[in-house]
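Remarks on the structure that follows.
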Protein chains: 2
Amino acid sequence: MKAVQKQYNKHEDAYKLENQLCFPLYAASRLVTKCYQPVLDELGITYPQYLVLMVLWEQDQVSLSVLAEKLMLQSNTLTPLLKRMQETGLIDRVRSQQDERSIVISLTDKGRLLKAEVPRLQQQLQDIGITFEEAVQLKKLLSKMLRKAE
Amino acid sequence: MKAVQKQYNKHEDAYKLENQLCFPLYAASRLVTKCYQPVLDELGITYPQYLVLMVLWEQDQVSLSVLAEKLMLQSNTLTPLLKRMQETGLIDRVRSQQDERSIVISLTDKGRLLKAEVPRLQQQLQDIGITFEEAVQLKKLLSKMLRKAE
DNA sequence: TATTTTTGCATCGTGCACGACATAATCGTT
DNA sequence: AACGATTATGTCGTGCACGATGCAAAAATA
């Protein structure tokens, strides 16, 4: 009788919000964005724009297609985003000489200077509720998922 | 000399996209949504709508404020989303008798029936690239972050 | 060389997220 | 009862994400 009850609960639990992986992932991602928000606002950029800058700080002069691949985003997301970044003077968008279809994205001085603010941004996650070791483990698991998806 | 070089790299690495927690979290969240997409399309619902249904399957007749708290979303996100769900006949939205400010969300038969599709949805994450134990660990770490944020 | 296919980027429409702000119902206090 | 504060929900504007689709340049093939 008790075993049956337990079995039933176990089955029911699978439907519960907190027992699924999808919701914590979705909520945690938005939570991290929210942590960065105060500093990002100060810098006048959005979270996806910060990710674009991270790619460019690592390697300047990237084509849109490479940028899209690294961020796992599509051109229809990046094109308007990059246009806004160009308008605010963070990047330049130039047609490639070799391939007229390709757009090369490069940092302006203004965009390059923002790299100095990275430590301040990272500090926002200091008290995220998990230890450094747990964060490393978390990143490892997430990266494993991303690798699987190519 | 070699030690200095290593120190330098270590410092540089902190700026790299793949070495931050924020990007894998952001990308993995979108990846999971993408995995669910084929089945969600078939059911005629979106991913956030599925999360709303999960809450309602667990507890029907929930006020918008409680729903918002559970999903960590705001009314300005949920109101239009719930209106769309009402239009597609998944839920009802009724003003509470006790408190005229409050809206009570309840499942329709159509919304209730969709619960049967949960196993099919969960199956979409079968080959996400991590083991069951790793998924449990991942959920645990993410939940710890969410708890910290209340 | 001519034609087909692929690639790189773009536009358009829909649906979130969320900050700023508005509004009406309720509560707390006097 | 009167009224200021709080609460629950809503509107509006902006910026992603992404499916569907278009288009021109480049590559592949006939």
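Everything numeric here is computed off the predicted structure, so don't read it as measured data. Values reported hereafter were calculated over all heavy atoms of this structure, with side chains retained and with hydrogens, waters and symmetry mates removed. Below, read A as the first sequence line, B as the second, and so on, with proteins coming before strands; counting in each chain starts at 1.
Hydrophobic clustering (side-chain heavy atoms under 4.5 Å, transitive across Ile, Leu, Val, Met, Phe, Trp, Tyr) groups A:M54 together with A:L121. Note on A:V104: it does not cluster hydrophobically with A:L81, by side-chain heavy-atom contacts below 4.5 Å among ILVMFWY residues. Criterion: ILVMFWY side-chain heavy atoms under 4.5 Å apart, direct or through other members. Under it, A:Y36 and B:M145 are part of a common hydrophobic cluster.
Out of C:dA10, D:dG15, D:dT11, the shortest distance to the side chain of B:T79 is found at D:dT11. Residue A:Q74 places its side chain closer to D:dC18 than to any other of C:dC16, D:dC18, C:dC9. Each of D:dC12, C:dA17, C:dA10 was ranked by its minimum atom distance to the side chain of B:N76; first place goes to D:dC12.
The pair A:R84-A:E87 does not count as a salt bridge, with every side-chain nitrogen at least 4.0 angstrom from each carboxylate oxygen.
Contact annotation for A:L78: no contact, since no heavy-atom pair falls under 4.0 Å across all strands. Note on B:Q37: nothing from the nucleic acid sits closer than 4.0 angstrom, heavy atoms only.
Mapping A:L31 and A:T77 onto DNA chain C via the closest heavy atom, the residue that lands nearer the 5' end is A:T77. Both B:V104 and A:T46 sit near DNA chain D, but only B:V104 has its closest nucleotide nearer the 5' end.
Looking at A:S75, its side chain comes within 3.5 Å of the base of C:dA10 through a donor and an acceptor atom. Looking at A:S65, its side chain has no donor and acceptor atom pair within 3.5 Å of the base of C:dG8.
Remark: C1' of D:dC18 and CG of A:L73 are 10 Å apart, rounded to the nearest angstrom. C:dA10 atom P lies 13 Å from atom CZ of A:R84, rounded to whole Å. Residue B:I45 contributes atom CD1, which lies 15 Å from atom C1' of C:dC16 at whole-angstrom precision. Between the CG atom of B:L90 and the P atom of C:dG15 there is a distance of 13 Å, given to the nearest Å. If you measure from atom CG of A:L82 to atom P of D:dG15, you get 14 Å, rounded to the nearest angstrom. Atoms CG (B:D41) and P (C:dG15) sit 12 Å apart, rounded to a whole Å. When the P atom of C:dT11 is taken as reference, atom CG of A:L81 falls 14 Å away, rounded to whole Å. For the pair B:I105 CD1 and D:dT9 C1', the computed distance is 10 Å after rounding to whole Å.
The distance from the CD1 atom of A:I45 to the OH atom of A:Y50 is 8.0 Å, given to the nearest 0.5 Å.
Environment of CD in B:E69: sparse, with no more than 12 heavy atoms of neighbouring residues, nucleotides or ligands closer than 6.0 Å.
Where the helix from C:dT1-D:dA30 to C:dT30-D:dA1 starts and where it ends, the local axes point in directions that differ by 20°; five pairs per end, rounded to 10°.
B:L67 and B:L78 make their closest contact through C-CD1, 4.2 Å (heavy atoms, listed as atom of the first residue, atom of the second, distance).
Contact check of residues 94-103 of chain B against DNA chain C (heavy atom, cut-off under 4.0 Å) returns B:Q98, B:D99, B:E100, B:R101.
The side chain to side chain contact (heavy atoms under 4.5 Å, CB included) test with B:I130 is passed by exactly one of A:K148, A:K144, A:K140: A:K144.
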Starting from the C-alpha separation in whole Å, work towards a yes-or-no answer on side-chain contact (heavy atoms from CB on, under 4.5 Å) for A:Q20 and B:V118.
-> CA-CA 11 Å; A:Q20 299 238 11; B:V118 171; 4.1 Å; yes

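Contact annotation: B:K83 reaches the phosphate of D:dT11 (side-chain N/O to OP1 or OP2, under 4.0 Å). Put simply, A:Y26 has no side-chain N or O that comes within less than 4.0 Å of OP1 or OP2 on C:dC16.
Between B:M85 and B:L82, some side-chain heavy-atom pair lies under the 4.5 Å cut-off.
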